[in-house]
There are 2 protein chains.
Amino acid sequence: MAVHGARSRSGGRPTLEEVAARAGVGRGTVSRVINGSPRVSDATRAAVEAAVAELGYVPNTAARALAANRTDAIALVVPEPETRFFAEPYFSDMLRGVGAALSETEMQLLLIFAGSDRERARLAQYLAAHRVDGVLLVSVHADDPLPDLLAQLEIPAVISGRRSADETLPSVDSDNFGGGRFAVEHLIAQGRRTIAHLAGRLDVFGAQRRVDGYRAALREAGHEVDERLVVAGDFTEEGGRRAMKELLAVRPDLDAVFAGSDVMAAGARQVLREAGRRIPDDVALVGYDDSAIARHMDPPLTSVRQPIEDMGRAMLDLLMDEIADRRPAASRGLERRQLVLPTELVARQSS
Amino acid sequence: MAVHGARSRSGGRPTLEEVAARAGVGRGTVSRVINGSPRVSDATRAAVEAAVAELGYVPNTAARALAANRTDAIALVVPEPETRFFAEPYFSDMLRGVGAALSETEMQLLLIFAGSDRERARLAQYLAAHRVDGVLLVSVHADDPLPDLLAQLEIPAVISGRRSADETLPSVDSDNFGGGRFAVEHLIAQGRRTIAHLAGRLDVFGAQRRVDGYRAALREAGHEVDERLVVAGDFTEEGGRRAMKELLAVRPDLDAVFAGSDVMAAGARQVLREAGRRIPDDVALVGYDDSAIARHMDPPLTSVRQPIEDMGRAMLDLLMDEIADRRPAASRGLERRQLVLPTELVARQSS
DNA sequence: ATCACCTGTGGGAGCGCTCCCACAGTACCT
DNA sequence: AGGTACTGTGGGAGCGCTCCCACAGGTGAT
């Protein structure tokens, strides 16, 4: 038994018990001080804090998680093939926002990719094991089974964007409708008459809303909406090229293009240039996302900016609320749990 | 005591004990099966596996961590203000490599930013609490105290790049010397005579090595090295502009520029264009990193590519080895623990 | 003085695993 | 026949916390 008593497997780190002995109090009292309980006298608290400092005590997370049945960790789940995700600043900005908000808490962040089937299976294991207290879901498609899995496991989750107009999960979205409208209003104000729209994937709700905004702006300005001017790309550069060629074939007289992403705008620019159209002289071009590509394009691309960092921050705040208020979910409405943040136009030389 | 017996705080998830009862074996045997011990008969193993499947058993990570004193988690620590990091594809590619390698293990990945002092303090807490089994260090400066802290806490770590020629940590680097040399050899092959170098921060070892490669290529080709042609930037666009102006003032006859990063090349391009130099006709331009910016620049930028994804993968492999082989560190040499991966030139229209 | 009720505190029990000792059973030697 | 050495198995002890019950000592009403 001496063997057991002496093994000290945790690398000699002090335990609660040792802190308690040092401070001359009981284990429970130290626990109370560590966890900020008010039911401790000032003198005792000071003594414990001194002992903690002297010993360099740091709580053992695993023991705490086991005893309290929580993990103090949340996951940011990216259900995309990672490639697309990193191509745009969307992800990094969001991560920055989350990170900033996170640093005000004791939570830690796990980054989980769930692009491949294999990664999906791993994720399901993680969640089933309740290794996180909550989940941030980024860029989820309408038919993704993940939200259902989360609901079934009763794991709090917040989604970025909405899957449809009647999203059921707590969510943080940006004003895609407004973004589309701003872009088109701007082009109209510049005197453009024939404005095309390179839409994103229409099964993405946000992309759909941008189209709605495009149409609304045209109508409000008294322009008629020619549906041939709306061609769906798939958010990629190649998709942008393809759609732009189609557009040019159908309406060679167009004098402005609003693309649903900067990457698609980059594809469109190539095609326009090859067709001998000057930007912005012959055709004005507006992108979406305000990414690095927009700033470095030639000419620099006018683009619609979403406050992605703020969205990340807001998502974390919402999630923390979800985790904290574990009352029966039905007792609260969705009103306060769905945010829509504003978008803005960043004008550059392409329009 | 009925109260305690019935509380089932883990949300009704099955425990090892329950699996054991179901399979008609002891706790230890189930543990052996779960952990892949060979000391279990085939029949028993099958019975346990059946019970695991029927019950949907998933091990409790916290309990395992507590009992075994390991966490099955590693951290990717980014000691940079996040901003710079995401601006380049470096980070995302590395993360992709790490992620790919990770999916072959049971480990989970924590992403930790340690840019601000506040974040640093948090990180120190994490590490002191041994919340991870190992650390991947990305983009560490020569004078960073982090590696020492890690060594002191005896936490395995692998670093990307080297802090100096005699790096002590296990590391994965790319061939910066070769990269610099390829760029300059390429320019010489194109018939360029006066080749300038926009260097990065010279306190970054990799940037220094690129300069060495630049000099070596010139010498090997019998060119003389004019030190006025080497100006240090700071990896930023603004730094690129500043350095390019300086270069143009000192040697207006230059006909090629090798920039230590694509972002600096973008800055240089602006200045060159303002000075009326055509690219590549008057001045050839080569960047470094082969980032998205390179592909979208006008004209598309020739750039040196590092196999960053492979580096990420290699870093994880090394780290797993470090975690596994916990023999006295002195018993192994550094030879097998420092990798240098090749770089290659991606030629485009700017040269 | 008696009771009720606070505040502050100590410590037992338990979280779900892993580790390891003990031991039954079998196989192979001398 | 008796040893020796495996292989496979069960289960006690323990990891370091949190939760919560028990209780001491004080305060104020009766």
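The chains referred to below are lettered A, B, ... by the order of the sequence lines, with proteins before strands, and numbering in each begins at 1.
In this structure, B:Arg96 pairs ionically with B:Asp93, as a charged nitrogen and a carboxylate oxygen lie closer than 4.0 Å. A salt bridge is defined here as a Lys NZ or Arg NE, NH1 or NH2 lying under 4.0 Å from an Asp or Glu carboxylate O, and A:Asp133 with A:Arg70 fails to meet this definition.
Among the nucleotides D:dT9, D:dT18, C:dT9, the one closest to any side-chain atom of A:Asn35 is D:dT18. In this structure, the nucleotide among C:dG10, C:dG12, C:dC17 sitting nearest to the side chain of A:Arg27 is C:dG12.
Residue B:Ser31 places no side-chain N or O under 4.0 Å from the OP1 or OP2 atom of C:dC17. Between B:Arg64 and the phosphate of C:dT18, there is a side-chain N or O to OP1/OP2 separation shorter than 4.0 Å. For D:dG8, the OP1/OP2 oxygens have no side-chain nitrogen or oxygen of B:Ser41 closer than 4.0 Å. Contact check, A:Asn60 against D:dC15: no side-chain N or O comes under 4.0 Å of OP1 or OP2. For B:Thr29, no side-chain nitrogen or oxygen approaches OP1 or OP2 of D:dT9 to under 4.0 Å.
Side-chain N/O atoms of A:Arg39 and base N/O atoms of C:dT9 include no donor-acceptor pair closer than 3.5 Å. Put simply, the side chain of B:Arg32 and the base of D:dG10 share a donor and an acceptor less than 3.5 Å apart. Evaluation of atom-type donor-acceptor distances gives no pair under 3.5 Å for the side chain of A:Arg45 against the base of C:dG8. For A:Arg13 against D:dG16, no side-chain N or O and base N or O form a donor-acceptor pair under 3.5 Å.
When the nearest nucleotides of DNA chain D are assigned to B:Ala63 and B:Val25 by heavy-atom distance, the more 5′-ward of the two goes with B:Val25.
B:Asp42 places its CG atom 12 Å from the C1' atom of D:dG8, with the value rounded to the nearest Å. In this structure, the CD atom of A:Glu18 is 8 Å from the P atom of D:dG16, given to the nearest Å. Between the P atom of C:dT18 and the CG atom of B:Leu66 lies a distance of 11 Å, rounded to the nearest Å. If you take CG of B:Asn69 and P of C:dT18, they are 13 Å apart, rounded to a whole angstrom. In this structure, B:Ile34 atom CD1 and C:dG16 atom C1' are separated by 12 Å, rounded to whole Å. Atom CD in A:Glu17 sits roughly 12 Å away from atom C1' in C:dG12 (whole-Å rounding).
Nearest heavy atom pair, residue A:Val48 against residue A:Ala23, reads CA-CB, 4.0 Å. Here the closest heavy-atom approach between residue A:Ile34 and residue A:Arg64 is recorded as CG2-NH2, 3.4 Å.
In this structure, CG in A:Leu137 is found 7.0 Å from CE in A:Met315, a value given to the nearest 0.5 Å.
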